[in-house]
Amino acid sequence: MEILHFDIQINAEATKVWTVLWDDFSFRQWTSAFTEGSFYQGNLEKGSIIKFLDPKNNGMYSKIVQLIPNEEITFLHLGEIYEGVETPRDWGEATERYILKEHENTTHLYVEIATTEEFRSFFEEKFPNALSNVKNLSENQL
């Protein structure tokens with residue numbers, strides 16, 4: 001498992017950044033850096049299963065293993081979804097963790113991804129653009 005780190009400083013309060021990350025409308029906007037039309041299904045509650053999908057119902061499903069609203073969320077990736085069908089994968093402890101640290105109306109967003117070599121270049125290419133989208137939406141929206 002490889003651990004990748006990404007971070008960005010955002011001129012907005014943590015509650016606003018959190019809303020941009022997980023509100024359906026803005027989630028679709030910032031995740032377009034990965035795949036146009038991306039969305040998720042499920043409830044943001046600890047222990048819940050979340051499906052991250054593209055318009056063709058392809059993607060992955062994950063379990064929320066840690067959740068502190070406006071501060072931290074960690075997903076454990078369980079498997080892939082092809083045309084709506086879930087296929088479990090043995091990815092071990094493949095996780096995606098978002099941490100928000102607020103200081104004087106600015107928020108430092110940290111993302112830590114534990115992934116296999118197979119997905120490393122995808123994340124390294126796409127995540128900086130995704131975080132730039134989060135920054136722009138957080139600083140210029142609402």
Side-chain angles (χ1 to χ4, degrees), residues 1-103 106-142:
M1 198 65 47
E2 297 194 34
I3 308 297
L4 306 177
H5 298 274
F6 303 95
D7 67 286
I8 195 165
Q9 189 77 21
I10 301 171
N11 294 318
E13 296 175 352
T15 54
K16 188 170 186 180
V17 176
W18 185 268
T19 298
V20 165
L21 285 169
W22 309 117
D23 175 75
D24 180 61
F25 180 74
S26 53
F27 178 87
R28 291 171 186 258
Q29 292 179 305
W30 76 264
T31 58
S32 66
F34 300 111
T35 301
E36 195 67 42
S38 293
F39 65 100
Y40 74 86
Q41 292 178 338
N43 297 317
L44 291 181
E45 298 171 359
K46 189 173 179 180
S48 291
I49 300 296
I50 300 292
K51 295 179 181 180
F52 297 100
L53 300 164
D54 69 13
K56 296 178 181 176
N57 277 333
N58 298 317
M60 70 168 78
Y61 63 100
S62 309
K63 181 177 182 178
I64 298 176
V65 294
Q66 175 70 4
L67 176 64
I68 304 168
N70 303 312
E71 292 181 24
E72 180 181 342
I73 190 165
T74 304
F75 302 97
L76 174 63
H77 300 307
L78 303 173
E80 294 177 289
I81 302 171
Y82 293 107
E83 297 178 356
V85 178
E86 296 177 12
T87 305
R89 295 286 185 223
D90 184 13
W91 289 327
E93 291 295 311
T95 57
E96 195 167 326
R97 181 177 180 208
Y98 295 78
I99 302 164
L100 288 74
K101 301 268 186 193
E102 184 178 323
H103 180 70
T106 64
T107 301
H108 203 120
L109 173 59
Y110 300 90
V111 181
E112 180 183 284
I113 300 173
T115 186
T116 61
E117 175 64 31
E118 171 186 3
F119 297 109
R120 179 187 182 127
S121 61
F122 174 81
F123 285 126
E124 288 178 337
E125 177 187 340
K126 304 290 186 177
F127 237 100
N129 292 333
L131 291 185
S132 179
N133 289 348
V134 173
K135 178 180 175 72
N136 290 336
L137 289 165
S138 297
E139 292 178 353
N140 300 313
Q141 196 172 316
L142 303 176

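Bear in mind that the values here come from a model prediction, so they are computed numbers and not experimental data.
- No donor-acceptor contact under 3.5 angstrom links the side chains of T107 and E13, judged on distance only.
- One N or O on the side chain of W30 and one on the backbone of L21 form a donor-acceptor pair closer than 3.5 Å.
- Counting only distance, with no hydrogens or angles, the side chain of N43 and the backbone of E45 share no donor-acceptor pair below 3.5 Å.
- From I113, atom CD1 reaches atom CD of E124 across 9.5 Å, with rounding to the nearest 0.5 Å.
- The OG1 atom of T115 sits 9.0 Å away from atom CD of E96, with the distance rounded to the nearest 0.5 Å.
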Show, in sequence, the C-alpha distance, side-chain angles and deciding distance for Y61 and F52, and conclude whether the side-chain contact (heavy atoms from CB on, under 4.5 Å) test is met. CA-CA 6 Å; Y61 63 100; F52 297 100; over 6 Å; no
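- For the atom pair N133 CG and S32 OG, the distance stands at 5.0 Å (nearest 0.5 Å).
- For the atom pair CH2 (W22) and CG (N70), the distance works out to 12.5 Å, reported to the nearest 0.5 Å.
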Walk me through it: do H108 and D7 pass the test side-chain contact (heavy atoms from CB on, under 4.5 Å)? CA-CA 7 Å; H108 203 120; D7 67 286; 2.7 Å; yes
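- The closest side-chain heavy-atom distance from T106 to I10 is not below 4.5 Å.
- Panel note: side chain S138, backbone V134; a donor-acceptor pair is recorded below 3.5 Å.
- With hydrogens and angles ignored, the 3.5 Å screen pairs no side-chain donor or acceptor of S132 with any backbone N or O of P128.
- Annotation: the span from E72 atom CD to L67 atom CG amounts to 9.0 Å, rounded to 0.5 Å.
- A centroid separation of 6.0 Å or more is found between the aromatic rings of Y110 and F6.
- Looking at L76 and L78, their side chains come closer than 4.5 Å, going by heavy atoms from C-beta outward.
- Side chains of I99 and E112 form no contact here, defined as non-hydrogen atoms less than 4.5 Å apart.
- Here the closest non-hydrogen pair linking W18 and P69 is CZ2-CA, 3.8 Å.
- Here the closest heavy-atom approach between residue S26 and residue T19 is recorded as OG-O, 3.4 Å.
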Donor-acceptor pairs are to be reported for all side-chain atoms of residues 82-93 against protein atoms at under 3.5 Å, with residues two or more places apart or in another chain.
| residue | atom | partner | partner atom | Å |
| --- | --- | --- | --- | --- |
| Y82 | OH | E80 | OE1 | 3.3 |
| Y82 | OH | E80 | OE2 | 3.0 |
| E86 | OE2 | K51 | NZ | 3.2 |
| R89 | NE | E80 | OE1 | 2.5 |
| R89 | NH2 | E80 | OE1 | 3.1 |

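- The closest donor-acceptor contact from the side chain of Y98 to the backbone of E71 lies at 3.5 Å or more, if one exists at all.
- Heavy-atom minimum distance, P55 versus E36: CD-O, 3.5 Å.
- With E2 contributing its side chain and T116 its backbone, the two residues share no donor-acceptor pair below 3.5 Å.
- The NZ atom of K63 sits 12.0 Å away from the CD1 atom of I50 when rounded to the nearest 0.5 Å.
- The side-chain heavy atoms of K46 and Q66, taken from C-beta on, include a pair separated by under 4.5 Å.
- Around NE2 of H5, the count of heavy atoms belonging to other residues, nucleotides or ligands within 6.0 Å exceeds 12.
- Within the 4.5 Å cutoff, side-chain heavy atoms of I73 are placed close to those of L44.
- Counting heavy atoms from C-beta outward, F75 and I64 have side chains that approach closer than 4.5 Å.
- Annotation: side chain of I8 is not in contact with side chain of V111 (no heavy-atom distance under 4.5 Å).
- No side-chain heavy atom of I81 sits under 4.5 Å from any side-chain heavy atom of N58.
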Pair Q41-F39, side-chain contact (heavy atoms from CB on, under 4.5 Å): steps then yes or no: CA-CA 7 Å; Q41 292 178 338; F39 65 100; 3.8 Å; yes
